[in-house]
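These notes are about the structure you will find just below.
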2 protein chains.
Amino acid sequence: MARVQAKVRREQLIEAAVRVAARDGVAATTTRAVAAEAGASLASVHYCFDSKQELLQEVLISIINELTGNWTTGPEDGAGAAALLRAGLGALWEVVEREPGKQQVTYELTHYALRTEGLEGLARWQYGVYYERSAQQLRDVAARAGVEWALPLPVLTRMLMNMIDGLVLGWLVDRDSELARGALNAFADTLGALTRRP
Amino acid sequence: MARVQAKVRREQLIEAAVRVAARDGVAATTTRAVAAEAGASLASVHYCFDSKQELLQEVLISIINELTGNWTTGPEDGAGAAALLRAGLGALWEVVEREPGKQQVTYELTHYALRTEGLEGLARWQYGVYYERSAQQLRDVAARAGVEWALPLPVLTRMLMNMIDGLVLGWLVDRDSELARGALNAFADTLGALTRRP
DNA sequence: GTCTATAAAGTGATAGAC
DNA sequence: GTCTATCACTTTATAGAC
């Protein structure tokens with residue numbers, strides 16, 4: 001393998017690890033498998049990372065940053081809260097169905113982090129990002145629809161985010177897209193009704 | 001170890017495996033750890049089970065049967081749908097908070113099953129049980145409240161079950177009981193409003 | 001049915017030449 | 001920075017005596 005800056009090689013290894021994890025699962029993401037996927041030697045993994053744990057941490061950060069990057073804002077202003085929520089959730093759902101493997105990895109790494117000493121904070125960071133994005137979406141919807149939420153934002157944020165999380169997990173198990181989208185839309189309408197004129 | 005019927009020893013090993021998995025995680029549930037927990041030899045595990053995979057399958061079946069056994073029906077007839085849902089969900093939540101480790105195991109084994117050839121059906125069975133219990137709860141609530149649901153039962157079932165699943169997972173990450181219960185109650189009220197006179 | 005001992009195949013991590 | 005070779009350890013599973 002050509003001589004490359006450690007920083008560059010590090011990125012290559014993270015991307016390789018993401019591919020392996022998405023395709024074969026976190027349990028099968030061994031340092032050897034990652035090295036092979038990146039076309040590098042086993043030693044290069046330990047040269048670029050202090051430990052496998054650090055590599056997996058970077059994998060989660062990479063996936064979360066990618067998946068939560070662009071939650072679209074939906075249709076034009078003036079629409080109702082429910083319609084705006086439907087549009088936003090629909091866009092999010094397309095991302096989910098496009099790469100099921102990556103979605104599975106996010107859950108696998110959550111549980112890995114929760115069980116690994118010194119990595120409990122990673123799972124909390126992950127869900128913190130989720131909640132932040134959801135809260136942002138709720139504020140945006142309210143502003144665009146010209147309404148205010150009838151319940152405390154933290155409660156609504158948690159309902160929204162955990163509902164999505166549960167729907168995704170449920171879909172990963174049975175891949176019933178029709179039912180999942182039906183529940184997603186029903187939830188959007190239900191949540192959208194929890195508004196009042198300011 | 002005393003001479004015991006294989007069937008009895010099998011149950012002892014499953015119970016030991018449940019304890020190890022709940023305490024240390026599925027990844028740490030090795031055949032050695034289970035044997036030690038049960039006070040048996042390593043060979044006894046392979047005598048009672050064809051493979052570690054079969055043991056873990058039994059662990060999931062055992063936990064699911066235990067956890068979904070008694071979803072209480074809530075207060076007396078005549079109450080509103082929302083109140084009945086709150087009562088039922090509140091009782092379920094107490095079970096959740098009582099044994100976080102076991103809850104974590106249910107998720108870990110879902111993902112283990114989804115990634116293990118020949119075990120995909122186990123995850124679908126698990127969630128099938130969840131959905132069945134949720135549907136039953138919804139039918140029961142409607143009957144007791146003297147109302148009918150305004151949306152198709154499969155959609156409501158999926159909303160209810162996946163909402164719970166997501167709330168539990170979220171709670172496992174940050175252990176914020178107050179917020180989780182707040183979202184749970186808000187969801188019960190929201191769902192309870194989706195009814196009409198028959 | 002139970003055990004000790006061991007096979008056979010992994011694993012993360014490191015030494016040291018280049 | 002990169003590699004091969006290897007260490008030290010763990011894993012599932014099995015053989016065979018009792």
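Remember, it's a predicted structure, so these values are computed and weren't measured experimentally. What you see below is based on every heavy atom in this structure, not just the backbone, and it leaves out hydrogens, waters and symmetry mates. So you know, we letter chains A, B, ... as the sequences are listed, proteins then strands, and number each from 1.
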With sugar-phosphate meaning primed atoms plus P, OP1 and OP2, does A/Ser41 contact a base, only sugar-phosphate, or nothing at under 4.0 Å between heavy atoms?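 A/Ser41: base contact, heavy atoms under 4.0 Å.
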Whether A/His46 contacts C/dT14 is assessed here as follows: a side-chain N or O lying under 4.0 Å from the phosphate OP1 or OP2. Is that the case?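 No, A/His46 has no side-chain N/O under 4.0 Å of OP1/OP2 on C/dT14.
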What pairs with [X] under side chain to side chain contact (heavy atoms under 4.5 Å, CB included), at least two apart in sequence or on another chain?
| X | answer |
| --- | --- |
| B/Arg181 | B/Trp93, B/Glu94, B/Glu97 |
| A/Glu148 | A/Arg196, A/Pro198 |
| A/Leu151 | A/Leu156, A/Leu194, B/Ala186 |
| A/Gln136 | A/Glu132, A/Arg133, A/Arg139 |

ring-ring contact (aromatic ring centres under 6.0 Å, His included) contacts in which one or both residues fall within residues 38-69 of chain A, not counting sequence neighbours: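 Of all non-adjacent pairs touching residues 38-69 of chain A, none passes ring-ring contact (aromatic ring centres under 6.0 Å, His included).
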Please list all pairs meeting salt bridge (Lys or Arg N to Asp or Glu O under 4.0 Å) that have one or both residues in residues 62-71 of chain B, counting only residues at least two apart or in different chains.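 For residues 62-71 of chain B, and leaving out neighbouring residues, the salt bridge (Lys or Arg N to Asp or Glu O under 4.0 Å) pairs sorted by first residue read B/Glu66-B/Lys102.
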Pairing residues for A/Glu37 by the salt bridge (charged side-chain N to carboxylate O under 4.0 Å, His left out) criterion, not counting sequence neighbours: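 A/Glu37: salt bridge (charged side-chain N to carboxylate O under 4.0 Å, His left out) contacts with A/Arg19, A/Arg23.
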B/Asp176: what forms a salt bridge (charged side-chain N to carboxylate O under 4.0 Å, His left out) with it, not counting sequence neighbours?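 Here no residue qualifies.
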For DNA chain D, what residues of residues 49-59 of chain B have any heavy atom nearer than 4.0 Å?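 Close to the strand are B/Ser51, B/Lys52.
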Residue pairs fulfilling side-chain hydrogen bond (donor to acceptor under 3.5 Å, both in side chains) with at least one residue in residues 157-174 of chain A, sequence neighbours excluded: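 Non-adjacent pairs meeting side-chain hydrogen bond (donor to acceptor under 3.5 Å, both in side chains): A/Tyr107-A/Asp165, A/Tyr127-A/Asp165, A/Tyr131-A/Arg158, A/Tyr131-A/Asn162, A/Arg158-B/Asp174, A/Trp171-A/Ser177, A/Asp174-B/Arg158.
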Return the residues of residues 4-18 of chain B meeting this criterion: a heavy atom under 4.0 Å from some atom of DNA chain C. Order them by number, or give none.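 When residues 4-18 of chain B is checked for heavy atoms under 4.0 Å from DNA chain C, the hits, listed by number, are B/Val4, B/Gln5, B/Ala6, B/Arg9.
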What N/O pairs connect the protein and nucleotides 5-8 of chain D at under 3.5 Å? Give each pair on its own line.
none

Distance-only side-chain donor-acceptor flag, A/Thr110 / A/Gln126, under 3.5 Å: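 Yes, side-chain donor-acceptor contact under 3.5 Å.
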In whole angstroms, how far is the P atom of D/dT2 from the CZ atom of A/Arg3?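 Between P of D/dT2 and CZ of A/Arg3: 7 Å.
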A/Thr30 or A/Tyr47: which one's nearest nucleotide on DNA chain C is closer to the 5' end?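 Its nearest nucleotide lies further toward 5', so the answer is A/Thr30.
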